Amino acid sequence: MHCHRPVHLRFSFTLTVSDTSMDEAVVNLITVQALSAVKGQIQSQSQSPLYRRCCPAGWIKNEIKKKECCFYVEDGREGICKCGYPKDKHCEDPIKPEDYVGEQWDRHRHTKEAPTDAFGDISFGGLGQKTGKYVRVSSDTPCEILYQLMTDCWKLRSPNLLISVTGGAKNFNIKPLLKEKFRRGLIKVAQTTGAWILTGGTHTGVMKHVGMAVRDYTLSSGLTEGQIVVIGVAPWGVIHKQEDLINPKGNLPVQYSLDEQGQGLLSCLDINHTHFLLVDDGTRDYGVEIELRARLEKHISQQSLGNRGSGVTIPVVCVVLDGGPGTLNTMYNVMLNHTPCVVLEGSGRVADVIAKVADLPVSEVTLDLIKQLMERFFGQEYKEFTEVKVIEWTKKIQDIIRMSHLLTVFHIDEDKNSDVDVAILQALLKVPKSDEHAARQSLERQLELAVAWNRVDIAESEIFTEEIQWTSCDLHPAMFSALVGDKPEFVRLLLENGVCVGKFLESEDMLCELYAHLPSCFFLRKLATRVQGGKICRGQEPQPGSTKISLSHVAEEVRHLLGSFTQPLYVPSCYKMTKDDVRLVVSLRTVLSKGLVNPTCSDEERTTDKVWDSIRDLFLWAVVQNNPELAEISWEQCRDCIAAALAASKILRKLAQESGEDDSEEAKDMRELASHYENQAIGVFSECHSWDAQRAQKLLIRVSPSWGRSTCLWLALKAEAKSFIAHSGVQALLTQIWFGELSVDNAPWKVLLCMIFFPLIYTITGTSSKHLRATLTSILFTSPQVKFYWNIASYFGFLWLFAVVLMIDFQAYPSWRELLLYVWLTSLVCEELRQFYHDFDGPGFRKKAKMYISDMWNILDVLSIILFIVGLVCRLQASGTVFYVGKVILCIDFIIFCLRLMAIFTISRTLGPKIIILRRMVGLQVHNAHFFTSHMFM
């Protein structure tokens, strides 16, 4: 995508003009229509979010305006207009005074908007090379445009909290302890909640303290670009060094330096803020930004919080330090809009006055008390206040006291062990006690806020108290937000306070919504590819929530990762069933109809409106996104935790293998998590094995209904969990399976003698003595060990017969020995066909072929059979030369059949490892030879 082209026009027309046949008016009409169409297309493209993200400069030029004076009238100072700017700073053709005879200069009537000429990046230099974003905006700019500017052009994440800091605009001193608590608490609440901090943006007063807090955090954390978003809303007209900020194209960062000595009556921007909205009303007055800032705060407070439409909007809190009459008016107005305020006692002036009377009844907040407090905290400044103003302020203070649920005072003496962050968050969590229904709604909203802020401590102290009783359904929205927002501590807290996972995932829609909101991961890309039929390009990242996912897609993908030996995890009616699935459903219905199984609701049954195993589903959802914390919380509650751990190991190893990027961080993390769950399975099985070895072994072969009716042993084999398989308890089970119903105490030589001399079978022992004598013969010959011995003997017999035919019985006409060899080979061909087609899950031919040739021994078998057939064809020819060639081919084939013996001896403790090493060395040499050959002829 080429983002440097601001607009791509898709408009064309063909016009042939004849001097005699086409009237000039018609030509003009068509031209006007064409220009209107082009203009409409430009406007429609400029409203696109993609256009705002890719071409921010073009969008800003179209949408963001500045203001400039268009009526030059001197205000008594020579060369200075009433707007405060000199004449050369006006537009090129300012309207003459005689055009407005008898009119007074008015900022609304005599200013006009024009495209902004100051925006882009701002670099402050100095330590850390701090950079930020800025834009000059008209005071009449719609707040929707400003919010789009911040979220789309500046690419800021929507806040979970908006902290509006207000107070003294002049430099003031506060106690060192309060300063430290304010700075540390402000940064902590912004960092943990993902908040935006809104200030006046200049390097004075309370704005300077906020900037210093951000600076200290940036230096201590070592970040060149801090994670804290601090937006300064400052008046453009009073900014010192305005000319340095003029940047009409916005393509290069402007350099701005702090100059407190030369600023005079103007103000410098604070270099520790990250973003600036410079409000321009065409004048050089202070306070022109107040109205726009209030509208912006209100607009942000109306935006939805989080990923779901839960009705919870972004909360706003006002923090007050120091301040004069203007701060009191601001505080009064925001509380009328139901915005909570936090007042820092000890910061000075208005903040201290309100802090002193906050706990008093309104009847005791008298005019005389306010006068005393104002005289005490304002000092000499109090003498400038009139009696009328003091009375007005007293009434406002009384109204503020009446709204006690919106007022929080931070007392530094009482809160020695807490910072301002606790007071800020507690201010938003105050519950009105008048209406029980409203109180319950307020509690649910507060819980959503606590989850969005990821403040477990606040939730524990303020929400999950003994006085408040929560049901599982009440906590479901918070549970969803905590899961989607990757907040494992909150998930654990909610589970401890009554969330029932079974009820939470009672509906399949909830699980589908969780999968739709997966974070960007390899499984989500695979799922999106499956949903859209393979139309996702490599490298394209599907956005969470943008893909409609059903459980059929999840079931197919998980079955692919676990292996075709498992049954689908979800309801058969929800996905396209295979023939085996149809047979399974029919057999289940038959069993139920005969009354052999109780059809009541059980843990191992699935209904169309229920999710079968909710804990399993939550664990699987966490595993596929490679989230170790959430997966661990879910795994701790799994009933079949060994099978769950082994299934997770299998899924993660398969995902890492299919990612195709072995060195990527995501693949490494998946392998590490797979190894972790293999160790977890070993730990649980070791504990069970230490208590009861026999019952622990039964766990390995128990069918797990939660994981596709597979067993722990089968999952471990498919996951290549070598450490788990090497466990002594697993090896003991495998040994028992190898011996069958024969006792493992029988020596191999004794079993071999019994195979040759049948009367000796009464000298061996079995696992059960009750029915041993009656079925001893069947026990002997059904043992896998005995079958393997007979297979070895049969193969040696085949090789002996093959050697005899080649050396002493290879005649022009086949003898009975050679015919017996052909029959024997035919049996080997039938065995290979059986191996090829024998698969209970019945995959397609291509899949079977791929699985078959993945084993090197199968390749040797096919090669030996093909060579035998070729040699046989040549051997049956009458020509002597061809006959001899056939014998040579059969001799080579005999060598290959002998090499096949290595597969038999791989089970030997002595020869097995050496054969495996040899096979890998040969494979490596073949790979290297292919590599050098391919590069030699390039």
Side-chain angles (χ1 to χ4, degrees), residues 60-120 122 134-142 145-146 169-170 200-205 207 232-250 254 256-270 276-296 326 329:
I60 290 175
K61 289 179 181 179
N62 292 333
E63 300 294 334
I64 305 296
K65 309 296 181 183
K66 67 175 182 178
K67 275 195 174 183
E68 55 186 7
C69 178
C70 60
F71 182 30
Y72 178 75
V73 179
E74 291 189 357
D75 66 345
R77 295 175 294 173
E78 184 177 356
I80 302 298
C81 179
K82 286 185 176 292
C83 65
Y85 287 98
K87 188 173 184 179
D88 59 353
K89 297 294 183 181
H90 286 63
C91 56
E92 296 181 358
D93 298 317
I95 301 174
K96 302 297 187 295
E98 52 268 21
D99 294 338
Y100 292 101
V101 177
E103 290 190 15
Q104 297 292 328
W105 189 89
D106 182 72
R107 72 175 62 195
H108 301 290
R109 177 172 171 77
H110 300 137
T111 56
K112 67 175 184 179
E113 288 188 341
T116 186
D117 58 356
F119 66 95
I122 181 171
Y134 79 101
V135 64
R136 177 185 181 183
V137 300
S138 168
S139 57
D140 296 330
T141 304
I145 298 295
L146 295 179
K170 298 179 181 180
T202 58
H203 192 66
T204 57
M207 295 82 76
V233 184
W236 165 264
V238 300
I239 299 301
H240 183 47
K241 293 185 177 181
Q242 283 182 356
E243 60 280 0
D244 292 346
L245 301 176
I246 301 299
N247 189 15
K249 295 183 179 180
V254 300
Y256 189 88
S257 58
L258 195 63
D259 183 18
E260 294 184 89
Q261 299 296 328
Q263 68 182 7
L265 298 178
L266 302 178
S267 298
C268 292
L269 294 176
D270 184 77
F276 295 93
L277 295 175
L278 306 180
V279 184
D280 184 15
D281 72 337
T283 70
R284 307 198 74 170
D285 296 336
Y286 280 95
V288 300
E289 81 286 358
I290 294 177
E291 181 184 354
L292 179 64
R293 177 176 171 178
R295 288 192 289 111
L296 179 61
N329 294 333

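What you are looking at is a predicted structure, and each value in this text was computed from that prediction instead of being measured. Numbering of residues begins at 1 and proceeds along the displayed sequence. Hydrogens, waters and symmetry mates play no part in the numbers below; they use all other heavy atoms, side chains included.
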Steps toward side chain to side chain contact (heavy atoms under 4.5 Å, CB included) verdict (L277, L296): CA-CA 11 Å; L277 295 175; L296 179 61; 3.7 Å; yes
Quick one: side chains of residues 258-265, donor-acceptor pairs under 3.5 Å with protein atoms, not counting sequence neighbours, listed by atom name and distance.
residue : atom : partner : partner atom : Å
D259    : OD1  : G262    : N            : 3.2
D259    : OD2  : H240    : NE2          : 3.3
Q263    : OE1  : C268    : N            : 3.2

Please name the pair of heavy atoms, one in A118 and one in W236, separated by the smallest distance, quoted to 0.1 Å. CB-CH2, 4.0 Å
Within 6.0 angstrom of K112 NZ, more than 12 heavy atoms from elsewhere: no
For a quick test of reading the model, state the closest non-hydrogen atom pair linking G84 to R77 and the distance between them. CA-NH2, 4.5 Å
Please report the shortest heavy-atom distance between A234 and T202, naming the atom on each side. CB-CG2, 4.2 Å
One should read off an interatomic distance between E113 CD and S139 OG, to the nearest 0.5 angstrom, of 7.5 Å
Distance in Å, C81 SG paired with R284 CZ, rounded so as to fall on 0.5 Å steps: 12.0 Å
Go through it in stages, so that I can follow the logic: the residues are Y256 and I239, the test is side chain to side chain contact (heavy atoms under 4.5 Å, CB included), and I'd like the CA-CA distance, side-chain angles, deciding distance and then a yes or no. CA-CA 11 Å; Y256 189 88; I239 299 301; 4.0 Å; yes
Going by the rule side chain to side chain donor-acceptor pair (under 3.5 Å), which residues pair with D244 if we only count those two or more places apart in sequence or in a different chain? none
In Å and rounded to the nearest 0.5 Å, what is the OG1 to CG distance from T141 to L292? 6.5 Å
Assess whether a salt bridge exists between K65 and D140, defined as any Lys/Arg side-chain N lying under 4.0 Å from an Asp/Glu carboxylate O. no
If every non-hydrogen atom of K61 is compared with every non-hydrogen atom of P248, which pair is closest and at what distance? CE-O, 3.4 Å
Are the side chain of D270 and the backbone of G201 linked by a donor-acceptor contact shorter than 3.5 Å? no
Does the side chain of L269 reach to within under 4.5 Å of the side chain of Y134, using non-hydrogen atoms? no
List the steps, then state whether side chain to side chain contact (heavy atoms under 4.5 Å, CB included) holds for K241 with S257. CA-CA 9 Å; K241 293 185 177 181; S257 58; 2.9 Å; yes
Would T111 and D281 satisfy side chain to side chain contact (heavy atoms under 4.5 Å, CB included), going step by step from the backbone distance to the final call? CA-CA 8 Å; T111 56; D281 72 337; over 6 Å; no
R136 and its side chain to side chain contact (heavy atoms under 4.5 Å, CB included) partner, picked from L245, I246, V279, N247: I246
Search all heavy atoms of C69 against all heavy atoms of G282 and return the closest pair with its distance. CB-O, 4.4 Å
Do K66 and D280 meet the salt-bridge criterion of a basic N to acidic O distance under 4.0 Å? no
For Q242 and V238, which heavy atoms make the closest approach, and how far apart are they? NE2-N, 4.3 Å
Between S138 and K67, is there a donor-acceptor pair closer than 3.5 Å when you use the side chain of the first and the backbone of the second? no
Sort and list the pairs that fulfil salt bridge (charged side-chain N to carboxylate O under 4.0 Å, His left out) and have at least one residue in residues 285-294, not counting sequence neighbours. R107-D285, R293-E297
Look up atom CD1 in I64 and atom CZ in F119, then write down how far apart they are to the nearest 0.5 Å. 9.5 Å
